[in-house]
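One structure is given here, and the rest of the page talks about it.
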Amino acid sequence: MAAPPPATSVSEVHNLLPGGSPSTQPHPSSDQPSTSRPSNRFQTSDSEFEAKKLHFQAGDVIIPPLDDEKKSRVGFSSPLQYILAVIGMSVGLGNIWRFPAVAFENGGGAFLIPYITMGILFGLPMMYIDSSIGQFMQNSPSIAFRQYFPASQGLGWTMALIQISIGFFYNLPCCWALIYIVQLIAGRMQYLTSCQNEWNTPYCDSSVFCEKFNNYTTANDPLVYLNGKCMTASARNLSLVAAHMSQTRPFQSAPEEFFYFHIIQKHASLGYGNLNWMVAVSLFVCWAVTAAGLIKGVQSMGKVALVTTILPYLIITILFIRGVTLKGAGTGIRFFITEPKWQFLLRPKTWIAALTQSCFSLSIGGGAMITMSSYNKRTHPNFRDCIIILCADTFMSFFGGTAVFAILGSMAERMKVDIKDVVSSPLTLTFIAYPEATSHMPVSTIWALLFFLMMFILGISTMFSFVEGFVTCIIDEKPSLGKYRWAIVSAVAGVCFVLNLLCFAFQNGYHIFNTLNEFLGTLSLPGALTIETIIVTTYYGAPRLFRDIQCMKGLPSNNFQRIFGNLGLYIKIGVTFTAPLLAMTMAIYLAYSLMDLMFSDENLRNRMSDKINGEVLHYPKWTVFFGFVVGMAPMFLVPAAAIVKYCRLKKTGEPVADLFRISDYHPSVRYNLPDPVSWAHFLWPPLKSKTLNPSTKHDWEDTAVIPTIPSNG
């Protein structure tokens, strides 16, 4: 390391800093107070400290890229693997099965305006907060938030529990997609299109069977299916009367009955019913694949991401080309892009829908981004990565949405109905409408197989990140467990598999899925986001946060970076103001929506119900309380951890105020970082200095004398 610059008094150097002023806390070697040199368990020389402040003033990096104890931590093999793994975490099933449905309900193409706006005002700033916390702290959420102040450690474990609970829920659609893949590889496409299977009801409708006869009838009176025969709608009504069958019960398509009565085997009761062996085996395979992909941590996960992240983009491109060439595709594309319903932009609900879609689509708030980023060096360009992730996620939503709407337009053209009558929910879009559409294409098995292969890969790549985030929290809490990673991963996957079996592998599994779909993550995720923004941008303070970022990255070198760079005006306004306000707005709105569900019988009947064989099964009120408790369970860890910490301090006689004091192990204290700059310099930072003597340049290393760190330190 180069020799330090000539000695300068602490107060003189501090006054050279942007916005510098005399400090207010005692300095161990000077009568002048200084928050830049706090008393802590780590020691550095005065000359090193003074050199650090001069380099901070000049805009240089003044913190080691890795802590010494983290150099043995196995990370990603390359930056490419990291960015692909994080894109795989963000781009998931929600981009294909949820975004088109949400856009459909909120103005079609007009929804893109609030969606992109929320990505800029909320999505990107929140991703940047998470990735900056991960890189600076070099720890998973459970340790990172403990070091901000011990009372907040529960938030880290809340995030860990959110990750694993969403992964637990996410595994079921992956399981269904895997069943479709196996059936299609086995050459059983006819199971999806035929009404001659053992699970079919008399009200099954096979459009594929009658399609070849429609050339012999008028367009206004197409042939319909009944009991293995094709006939006109009027003739079918007469047949229903003759057979004493209901004329008002709606018919279900063959793909619909295949999904409901063969794949998930749902029944009209909340009781367990029979075990669904097909789902049970598929759940086991999904968790086995997840565990195998994480057995060596992010190193193996990064290699898997080379396939699981790139392949879905290739498949959706193929499906897009096929979709836009279908007859009637223009109807769906016009609805989605060229014929937006602008009046929806005046509805607050549309903007809230865009906000929640941005949050869930980018996997914000669960701590997964903090965990993934903690494996990077501090000098890694995470702001660039956040922009790439946002663009990749938005592109998949838009591109995938266009492909899906092209196929919906084709279905609407063939069925002679309006496009809004083609699909009723994200679930039916994925597992019913798309198989129905592909069944009318040449080589239909190939198109259906490509689609479900893409869905499985999108789901499993997100699963990798969520489960890895939970496992990393455990290992970071007790580093000695790192050598038993394979056992921890296997145990987590095994426990989740057993819970999946109990919840989803019986005939009532679909009803539990419906209930959890309303509550899981809807309460805890916005709540965790709100608390996180309060801790980081208010309690710790945005100036300190961006001081930490400046110490990792240095000052901007030009005026463009002053506005749009990693210390720019845009990201500072987003992190300090828009993201916290929008997180709080989302939390309040979703909490109100669910409370309204609890106390309004009408909303309960409309949202918590399911149709089975033409009859409506209304879920009892206890399912709402069950969902509410499960959805809020992760948040209980926030006060619980604070109470445990309080009791521990009382027992040892330490001051309770330590609960709310920044830990000595926080990097800003450990490395004696200079004070944050004034608000004026915070919003408009100085440019990086080019006048510092080259002889004073440092290759900063971890020079702190580190004491033994207790597990609860």
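Side chain of S374 to backbone of T371: a donor-acceptor contact under 3.5 angstrom is found. Judged by distance alone, the side chain of K553 and the main-chain N or O of H380 form a donor-acceptor pair under 3.5 Å. Proximity of a side-chain donor or acceptor of Y313 to a complementary backbone N or O of A392 within less than 3.5 Å is detected. T578 places a side-chain N or O within donor-acceptor distance of the main-chain N or O of L121, the cut-off being under 3.5 Å. A donor-acceptor pair is defined here as one N or O able to donate and one able to accept, closer than 3.5 Å; such a pair exists between the side chain of N95 and the backbone of G92. At distances below 3.5 Å, not a single donor-acceptor pair connects side-chain atoms of S397 with backbone N or O atoms of I96. Formation of a donor-acceptor pair under 3.5 Å by the D393 side chain with backbone atoms of I389 is not found in this model. When atom types are taken as modelled, the side chain of T438 and the backbone of P435 share a donor-acceptor pair closer than 3.5 angstrom. Judged by distance alone, the side chain of S358 and the main-chain N or O of A354 form no donor-acceptor pair under 3.5 Å.
Using the six-membered ring where Trp is involved, F336 and F405 have ring planes that are parallel, under 30° apart on the 30 and 60° scheme. Aromatic ring pairs are classed by plane angle as parallel below 30°, tilted from 30° to 60° and perpendicular above 60°; the pair Y434 and F451 is parallel. Classification of the F169-F513 ring pair by plane angle, with boundaries at 30° and 60°, yields parallel.
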Applying side chain to side chain donor-acceptor pair (under 3.5 Å), run through T356 and Y589 and close with a yes or a no.
-> CA-CA 10 Å; T356 54; Y589 177 85; over 6 Å; no
Take N514 and Y619 through the test side chain to side chain donor-acceptor pair (under 3.5 Å) and record every step on the way to the result.
-> CA-CA 10 Å; N514 266 349; Y619 296 169; 3.3 Å; yes
Side chain to side chain contact (heavy atoms under 4.5 Å, CB included) between C386 and S131, worked out = CA-CA 8 Å; C386 291; S131 63; 3.5 Å; yes
Could you please spell out the steps behind the ring-ring contact (aromatic ring centres under 6.0 Å, His included) verdict for F431 and Y180?
-> CA-CA 9 Å; F431 294 102; Y180 275 87; 5.8 Å; yes
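Looking at D610 and K266, their side chains come closer than 4.5 Å, going by heavy atoms from C-beta outward. In this structure, F504 and L516 have side chains that are in contact, with non-hydrogen atoms separated by less than 4.5 Å. Side-chain contact between F628 and T522: absent, with no pair of heavy atoms (C-beta onward) separated by less than 4.5 Å.
Here side chain to side chain donor-acceptor pair (under 3.5 Å) pairs that include residues 524-537, with residues two or more places apart or in two chains, number zero.
Residue K621 places its NZ atom among more than 12 non-hydrogen atoms of other residues, nucleotides or ligands, all under 6.0 Å distant.
Applying the salt bridge (Lys or Arg N to Asp or Glu O under 4.0 Å) criterion to K572, with sequence neighbours excluded, gives no partner residue.
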